[in-house]
Amino acid sequence: MSGSARAVVLLVVMAGLALAQTARFPGAVATDQDLLTAVDNAFSQLAAPIPDAAALTVSVNSGASVAGKSNFSVTIEAEQVLICSVTGNTLNVCAGGRGFAGTTAAAHPAGVAVRGNNTAWHHNAQSAEIRAVESALGANLANVEKPLTFS
């Protein structure tokens with residue numbers, strides 16, 4: 001990769017930092033844990049209170065709308081929570097997933113809404129990865145070495 005291409009990749013990564021997401025590429029390949037997944041029509045209510053800001057399980061009235069899903073965020077009152085997996089009616093919070101995306105982790109009473117969202121974080125993470133890949137490849141694949149041809 002040329003020096004100018006490296007400079008472009010650096011600028012893209014710095015732009016990603018400004019959005020609170022950094023691209024994993026080219027040092028690694030992004031996974032669902034990095035990019036998150038989207039869940040349509042995810043909604044329930046808390047079946048039990050969340051007692052404090054450190055709780056790592058969320059009991060909901062119905063986990064049906066997120067059954068089998070992983071690596072997504074939900075909003076409970078003003079807090080975003082990163083969910084790693086779902087077991088029945090229990091949403092399992094990722095390590096460091098409380099107070100996700102700059103929100104504040106807090107206690108929550110039973111009965112409040114739990115909504116699955118496509119958040120700015122979700123879109124910005126994908127955008128950072130796309131920009132990093134495009135910058136590394138270059139316009140018209142300018143940064144990709146051409147194979148030698150022999151006649």
Side-chain angles (χ1 to χ4, degrees), residues 1 5-141 143-144:
M1 189 181 302
R6 284 189 201 108
V8 170
V9 170
L10 179 61
L11 287 174
V12 168
V13 171
M14 289 174 64
L17 283 172
L19 297 171
Q21 283 78 34
T22 57
R24 299 285 185 222
F25 187 85
V29 175
T31 66
D32 284 347
Q33 288 179 320
D34 302 313
L35 300 174
L36 303 186
T37 58
V39 180
D40 288 333
N41 303 315
F43 178 81
S44 193
Q45 297 86 22
L46 289 179
I50 298 177
D52 55 41
L56 295 178
T57 58
V58 176
S59 295
V60 293
N61 290 339
S62 174
S65 64
V66 292
K69 307 295 184 189
S70 61
N71 301 304
F72 62 95
S73 67
V74 297
T75 299
I76 305 169
E77 297 185 299
E79 179 185 0
Q80 289 183 33
V81 181
L82 184 58
I83 305 299
C84 282
S85 64
V86 179
T87 307
N89 294 334
T90 301
L91 311 181
N92 302 302
V93 179
C94 301
R98 294 294 308 275
F100 183 65
T103 62
T104 301
H108 301 284
V112 300
V114 178
R115 292 184 172 90
N117 294 334
N118 292 324
T119 63
W121 195 99
H122 173 83
H123 293 287
N124 293 340
Q126 292 178 5
S127 179
E129 291 297 333
I130 290 167
R131 286 191 312 269
V133 170
E134 287 179 341
S135 295
L137 294 174
N140 296 314
L141 301 176
N143 299 336
V144 177

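None of the values given here were measured: they were computed from a predicted structure.
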Rounded to the nearest 0.5 Å, how far does [atom2] of [Y] lie from [atom1] of [X]?
X	Y	atom1	atom2	result
S85	N92	OG	CG	3.5 Å
I83	T57	CD1	OG1	9.5 Å
I76	L46	CD1	CG	5.0 Å
E129	E134	CD	CD	12.0 Å
Q126	R131	CD	CZ	11.5 Å
I130	S135	CD1	OG	11.5 Å

For this session: With side chain to side chain contact (heavy atoms under 4.5 Å, CB included) as the test, would you mind laying out the steps for N143 and L137 before giving the verdict?
Result: CA-CA 5 Å; N143 299 336; L137 294 174; 5.8 Å; no
Exercise. With a cut-off of 6.0 Å (strictly less than), are more than 12 heavy atoms of other residues, nucleotides or ligands near CD of Q33?
Worked result: no
Exercise. Taking only residues two or more places apart in sequence, or in another chain, which ones meet E79 in a salt bridge (charged side-chain N to carboxylate O under 4.0 Å, His left out)?
Worked result: R98
For this session: Tell me, please, which residues at least two apart from D34 pass side chain to side chain donor-acceptor pair (under 3.5 Å).
Result: R24, T31
For [X] against [Y], the heavy-atom pair lying closest together:
X	Y	value
V39	A42	CG1-CB, 3.6 Å
A101	Q80	CB-OE1, 3.5 Å
P51	A107	O-CB, 3.5 Å
N61	S44	N-OG, 3.4 Å

Seminar exercise, completed: side chain to side chain contact (heavy atoms under 4.5 Å, CB included) with L91: of L56, V114, V81, only one passes, and it is V114
In a table with atom names and distances, give each donor-acceptor pair under 3.5 Å that connects a side chain of residues 63-73 to protein atoms at least two apart or in another chain.
| unit_1 | atom_1 | unit_2 | atom_2 | d |
| --- | --- | --- | --- | --- |
| S65 | OG | F43 | N | 3.3 |

For this session: For side chain to side chain contact (heavy atoms under 4.5 Å, CB included), just list the numbers for L36 and L82, CA-CA rounded to whole Å, side-chain angles, deciding distance to a tenth of an Å, and then say yes or no.
Result: CA-CA 9 Å; L36 303 186; L82 184 58; 3.3 Å; yes
